[in-house]
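The block underneath contains the structure these notes are about, expressed in structure tokens.
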Amino acid sequence: MNKVNVINIYKVSHFFYYKKMKRVSKIINKLGFLVFNSHVPGSAIIGEDTKAAYGGMGVVVHSNAKIGNRVILGQGITIGRQLDPLGVPVIGDDVYISAGARILGDIKIGNNVIVGANAVVINDVPDNSVVAGVPAKVIRVVDGSIYDLLKNVY
């Protein structure tokens, strides 16, 4: 049985958002904020099998962000814009975003990527990479699936 988390609340909010019931979507989003102290609006695009660690506590996602399939969102992360009001991140498939990471601006995170804890990502990240630091830099290239490195995570 799936536990209640911010992604489950997002899915309900997303359903109502695309049924043009935006007021209902916002109310459901507020419920997610009250329960998890998170903001994951129904207008964001989040792929299948994406999960939020620890229920998704403290997760902030921009309303126009696009997040791929099989992504794990760590607690206390931000996926949003920089000062430029346009351009928000696009996250690929099979990405692990560690606790406290910030992914900011009009950037693309490739497929099969690990974003290290407390990393600040402000540049594009290529496929099959591990990034860390402030600002984040590629510290390792991955040959196989990131989930082989992150045993028992997914």
Side-chain angles (χ1 to χ4, degrees), residues 1-18 25 28-29 31-33 35-82 87-154:
M1 181 168 117
N2 287 336
K3 296 178 183 176
V4 175
N5 65 50
V6 76
I7 297 298
N8 298 120
I9 292 173
Y10 154 80
K11 288 177 182 179
V12 175
S13 177
H14 183 74
F15 172 82
F16 285 108
Y17 183 87
Y18 281 96
S25 175
I28 293 166
N29 187 46
L31 174 66
F33 180 78
V35 174
F36 296 104
N37 196 31
S38 296
H39 177 71
V40 183
S43 58
I45 306 296
I46 299 178
E48 295 296 315
D49 295 324
T50 291
K51 298 179 181 181
Y54 300 99
M57 293 184 301
V59 171
V60 177
V61 175
H62 190 278
S63 59
N64 296 328
K66 294 182 178 128
I67 299 172
N69 300 314
R70 297 172 308 281
V71 175
I72 297 178
L73 306 173
Q75 70 275 19
I77 67 163
T78 300
I79 299 171
R81 67 179 183 87
Q82 290 187 25
V88 293
V90 175
I91 313 289
D93 297 334
D94 298 313
V95 176
Y96 180 83
I97 304 171
S98 299
R102 307 292 184 246
I103 301 175
L104 306 171
D106 188 11
I107 62 172
K108 182 176 184 331
I109 306 298
N111 299 318
N112 203 46
V113 169
I114 297 173
V115 177
N118 296 314
V120 178
V121 185
I122 55 174
N123 297 306
D124 290 349
V125 175
D127 293 347
N128 305 311
S129 300
V130 178
V131 296
V134 179
K137 293 179 175 43
V138 175
I139 61 169
R140 181 175 173 186
V141 175
V142 180
D143 292 334
S145 170
I146 61 165
Y147 295 116
D148 292 340
L149 297 174
L150 303 167
K151 294 176 176 50
N152 299 322
V153 170
Y154 202 82

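Everything numeric in this text was worked out from a predicted model, so none of it was measured. FYI, side chains are in, hydrogens and waters are out, and symmetry mates aren't considered; it's all heavy atoms of this structure.
- No donor-acceptor pair under 3.5 Å is formed between the side chain of Ser13 and the backbone N or O of Ile28.
- Here the rule is side chain to side chain contact (heavy atoms under 4.5 Å, CB included) with Tyr10, and of Ile67, Val59, Val40 only Val40 fits it.
- Residues Thr78 and Leu104 form a side-chain contact, since some pair of their non-hydrogen atoms from C-beta on lies under 4.5 Å apart.
- Taking 4.5 Å as the limit, every side-chain heavy atom of Val88 sits out of range of all side-chain heavy atoms of Ile79.
- At distances below 3.5 Å, not a single donor-acceptor pair connects side-chain atoms of Ser38 with backbone N or O atoms of Gly32.
- Here the closest heavy-atom approach between residue Glu48 and residue Asn69 is recorded as N-OD1, 2.7 Å.
- The structure places CD1 of Ile109 at 14.5 Å from NZ of Lys66, a figure rounded to the nearest 0.5 Å.
- A distance of 6.0 Å separates CD in Gln75 from OH in Tyr54, rounded to the nearest 0.5 Å.
- The closest donor-acceptor contact from the side chain of Ser129 to the backbone of Asp127 lies under 3.5 Å.
- Taking CD1 of Ile114 as the reference point, atom CD1 of Ile97 lies at 11.5 Å (rounded to 0.5 Å).
- Under the 3.5 Å distance criterion, the side-chain polar atoms of Asn128 are left unmatched by any main-chain donor or acceptor of Gly144.
- Between Asp94 and Arg70 there is a salt bridge, since at least one side-chain N of the basic residue sits less than 4.0 Å from a carboxylate O of the acidic one.
- When side chains are defined from C-beta on, Val121 counts as touching Ile107, because their heavy atoms get closer than 4.5 Å.
- Closest of all the heavy-atom pairs between Val61 and Ala44 is CG1-CB, 4.1 Å.
- Of the possible polar contacts, one joining the Ser98 side chain to the Val115 backbone as a donor-acceptor pair under 3.5 Å is found.
- Other residues, nucleotides and ligands place no more than 12 heavy atoms under 6.0 Å from the CG atom of Asp143.
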Step-by-step side-chain contact (heavy atoms from CB on, under 4.5 Å) determination, Ile122 to Ile103: CA-CA 6 Å; Ile122 55 174; Ile103 301 175; over 6 Å; no
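- Between Pro89 and Gly80, the shortest heavy-atom contact is CD-O, 3.1 Å.
- At least one side-chain heavy atom of His14 sits under 4.5 Å from a side-chain heavy atom of Ile45.
- Using a 4.5 Å heavy-atom cutoff, the side chains of Asn29 and Phe16 are not in contact.
- Formation of a donor-acceptor pair under 3.5 Å by the Asn112 side chain with backbone atoms of Ile146 is found in this model.
- The heavy-atom pair separating Gly92 from Val95 by the smallest distance is O-CG2, 3.6 Å.
- Atom CD1 of Ile9 sits about 12.5 Å away from atom CZ of Phe33, to the nearest 0.5 Å.
- Nearest heavy-atom pair across Tyr18 and Gly42 is CE1-O, 3.9 Å.
- Taking NZ of Lys51 as the start and CG of Asn8 as the end, the distance is 11.0 Å to the nearest 0.5 Å.
- Side chain of Asn37 to main chain of Met57: no donor-acceptor pair is present (N/O by atom type, distance under 3.5 Å, no hydrogens or angles).
- Of all heavy-atom pairs spanning Ser43 and Ser63, the tightest one is OG-O, 2.9 Å.
- Side-chain N or O atoms of Arg102 include one that pairs as donor or acceptor with a backbone N or O of Gly100 at under 3.5 Å.
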